[in-house]
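Report on the following structure.
Small disclaimer: the values here were computed from a predicted structure and weren't measured. Letters A, B, ... are given to chains in the order of the sequence lines, protein chains preceding strands, and every chain is numbered from 1.
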Amino acid sequence: MLQNRLIKFTIITLILLVLNPIFPARSQTSGDQTHHTYPFSVGFELDTFINMEVDLKSVKSAMDIWIWKVGRKISFSGRTYFYDDLSMIIKDLRAEKLDMVTMSPLNFIRISEKLDSDIAYSYTKNNKKTHKYLLLTRSDSGFTKIDQTKGINIALNKRDAMSRIMLDVLLFRNNQTDAKNHFSDIREMNKFSKTVLAVFFGQVESCFTTDAVFQLMVELNPQVGKNIKIVAESPEIINGVSFFRKGYSSEARSAIQNEISNIHQTVHGRQILMLFKIDGITHIEEKDFDSLNKIIKDYDKYKQND
Amino acid sequence: MTESKKIQTDRKRRMGIFLQMFILSTTMIIFIISMFTWISIVRQRGAIVKIMEAQAESVCSSIAQACANAAVIDDFSFIVDYNLEVVQQSSNILYILVIQNDGLNLVLTKDKWKQLDHADTTWRPASRETEKGRILYSSIANGDVFHYSYPLHYSVKQWGWLHLGLSIDDFNRETETMYVIMSILCIFFLILGTMGALIFTRKMTRPVLMIGKVTERIAGGDLSARVEIETGDELEDLALSVNKMAETLEKTTVSKDFMDSILANMTESLVVTSTSGQIQMVNRATLKLLGYTEGELMDQSISMIFSSNGELSTGSGMDTLNQIVLTGKIETRLRAKAGNEIPVLFSGGLMKNKKQICGTVCVALNIQDRKITERYLAEANRELKETQAQLIQSAKLASIGELSAGIAHELNQPLMVIRTNAQLLARQLGSQQPDISKLIRYSAPLDRNTKRMMDIINHLRSFSRQTRTEYNPIDMNTVVRNAFMMISAQLRIHGINVTIDTGQNLPCAYGNSTQLEQVMLNLITNARDAIMDKFEQNIDNFVGEISVTTRWNREKAELNMWIKDNGVGISPRNKPQIFDPFFTTKDVGKGTGLGLSISYGIIQDHRGSIEVNQTDHEGTTFFIRLPVDDKSVNDDCNKYLG
């Protein structure tokens, strides 16, 4: 009798062990089939990430995951696209292939007249929605003003068009010639951080970089802060710009806006913020572009005079 | 058996073969699974370490290639930037150390980098070959890491070392996952193995237990129990052997019930005692015979059931048992509860178990009815004997009457001689000168013949006298001669020749001479009558003849006698009846029909035999066997009797 009971108990236990993981999996699968989905496509202009110094592959993966997660929650499906050609962004926006675009403020100003868009967001970094450029030299260089830097070499981020404009504007405002003529040699590097390191290791005498990158480099190695000093600073300009195309479903936009506002409250949202090395996303207004507009206007003015 | 051994045996019995086999099988399974798990874990850990090593080598190799040129031209910004990117973008790289032989020494982590002023030998291993990675504690990462050292080369020149610290979180996670998987697999296979062991054990032990149960039933007396298993192996052979054994036992052994039934229904009383004479068992017949209850007899001495007047004493139980065993079967008397005595035929034997005496088994047969019957029979026998004696006496008297003419003739002859010689004596005495010699000659026959007459008369008197039957050593030849003394004259009258052939040196027979003489007279008288009947057939030249022969058969230690005649013989139809009482073929008034019957009885009393040896139309021969007297068996009877 005892033997029979033992055999029955063992068989039932084995069956339960085998079946236990099957039932929850089935119920989860069947629950997903009740949602109705809406399209949502996001385009990223590559210049957006120059200041951020992030890995594009990681950004795309993180964005895809975030969109998928948010899409499951608010019933839409979407994907991300990366552009290095502004005309393609304009074309896709007009074809309603893109529902939202993120791009650099400089390029946004350049094409804003051609777009029928609603400005929506920028990102905050170090609790600011703006950033500035810094002219850096080694602490032991003896330079204190920008005009003292004439004839030295400088390292620039070759991919960032804004830094060239900003450096020229700074030089012009200090009654100097443009950078090409002011510096003996302009060494172009592919990252802002490398320009700082080049100064740190004495490979170049100066560099022009963003305050965020310099701050990061100091955080990574405090010696950088000790050995490098700021000679000149640019005015604050808006960070990146994200906007919806006009005509995009207000219902979907409202839902997405809600998710963007609360992006820091989800794990995947926080992962995106960390990857972009930003603090959060915030609404921006037209006046936030004033500084940039003025710089561009000055740049254009000085170039015409030159 | 010592106490410890007993406890051990009890424990084994409690465990049982099923539990023992199950525990053994399960232990084996656990051992095998444990060994398998241990080997798997060790190999898996080794494999994970090798994967980490390969990953570290790959990373180091790519860094070495990327930074080689930068190192040569002292492009430290590139080296820092590149390695910083590597360490930041790879989640499992915790630190990178770039140690130049004569220059820059960098330590890069995810959130810091710094230059080392001086790099000790720790970061400059002696070996120029790639070191194997190992898990160690790192102060840079503040924890355990997988540390990997890689020599940096530019062309053939080694320009420094690259040290990589990989997070062992993946390793720990993989190990943990492996432990979980192995644990689940272990539990699964343990359950599976336990089930298998259970089924296997059950399959193996079930027939054994079944055989055990059946053998227990057989041992308990149920010889009809059989094992029914079909395993097709040695166990089935064993079961068949057990069944065969049970069948044989069933055929050859009486069951307990059968034995109980026998004991309960046997009419003889059965009493089983211990060696000290205490009653251990009695059957129903004993209780019925003695009137006791079983409880009244149990553990009592066996002497209490014997009568004080019986053959067995009423001493202790042991004494009584000794007497029973020594005497074997004996008639004695039992004393019932009511006090009456019951005659029984009592017998007892020793009861042995494994050559040790463990008691006695006694059987008592109630012979009360037999005793009464025997008393009646003895009385009847006595009366029969008296009747037989009277018959013999009557027959003797009848014989005397029948023989009286012959006896008269026998007496007449000496009387005639006496008369003649008396006349001659008178004549001689009447003469002038009696002749003395003649007187003597004439007087001599007087004495001789009167003596002969006296002998005849005395024998006739003793023969006819009714005396007590006494058995003594007797000479059979004398018996034969005495018989003929009474009848020979009659046979001569009828012209029958008599031939007596007595054997020499015959030992004595043990018997009664008068009765045996009676037998002889009966047989001779019958022979005479048969011859007389043959005379009536007027056969030419027929001469009647009777012959009596006596011999000593030494081999059989018996005396043999043949009484032969050449009369008409006995018809085959009458032959079986000739010894029956009152059977006769003679005319009414001539025979009583008791002669041969009495003769048969006399010979039987003498422990001898009488039979018709031969009979046909040429005559009849009777054959008599008589035992000899043991004391005179080696002597001539005449000499023995003096």
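From F192(A), atom CZ reaches atom CG of D81(B) across 13.0 Å, with rounding to the nearest 0.5 Å. Note that CG of L84(B) and CG of N221(A) are 9.5 Å apart. Values are rounded to the nearest 0.5 Å.
Side-chain atoms of K112(B) do not come within 3.5 Å of backbone N or O of P222(A) as any donor-acceptor pair.
Counting only heavy atoms from C-beta outward, the side chains of K191(A) and E85(B) approach each other to under 4.5 Å. Q115(B) is listed as a side-chain neighbour of F200(A), based on a closest heavy-atom distance under 4.5 Å. Contact of the Q88(B) side chain with the L220(A) side chain is registered, since non-hydrogen atoms from C-beta on lie closer than 4.5 Å.
Within 6.0 Å of NZ in K110(B) there are more than 12 heavy atoms belonging to other residues, nucleotides or ligands. For R206(B), the CZ atom counts as loosely surrounded, since its 6.0 Å shell holds 12 or fewer non-hydrogen atoms of other residues, nucleotides or ligands. No more than 12 heavy-atom neighbours from other residues, nucleotides or ligands sit within 6.0 angstrom of CD on E234(B). Counted within 6.0 Å of CZ on F36(B), heavy atoms from surrounding residues, nucleotides or ligands total 12 or fewer; the atom is thus considered open. Other residues, nucleotides and ligands contribute at most 12 non-hydrogen atoms within 6.0 Å of the NZ atom of K226(A).
Within the 4.5 angstrom heavy-atom criterion, no atom of Y82(B) approaches chain A. Contacts of V224(A) with chain B are made by side-chain atoms alone, with heavy-atom separations under 4.5 Å and no backbone atom involved. Residue D75(B) touches chain A through both its backbone and its side chain, counting heavy-atom pairs closer than 4.5 Å. Proximity to chain A (any heavy atom under 4.5 Å) is shown, for L108(B), by neither the backbone nor the side chain.
In terms of heavy atoms, A198(A) sits closest to S77(B) at N-CB, 3.6 Å. The two residues Q203(A) and F76(B) come nearest to each other via the heavy atoms NE2-N, 3.8 Å.
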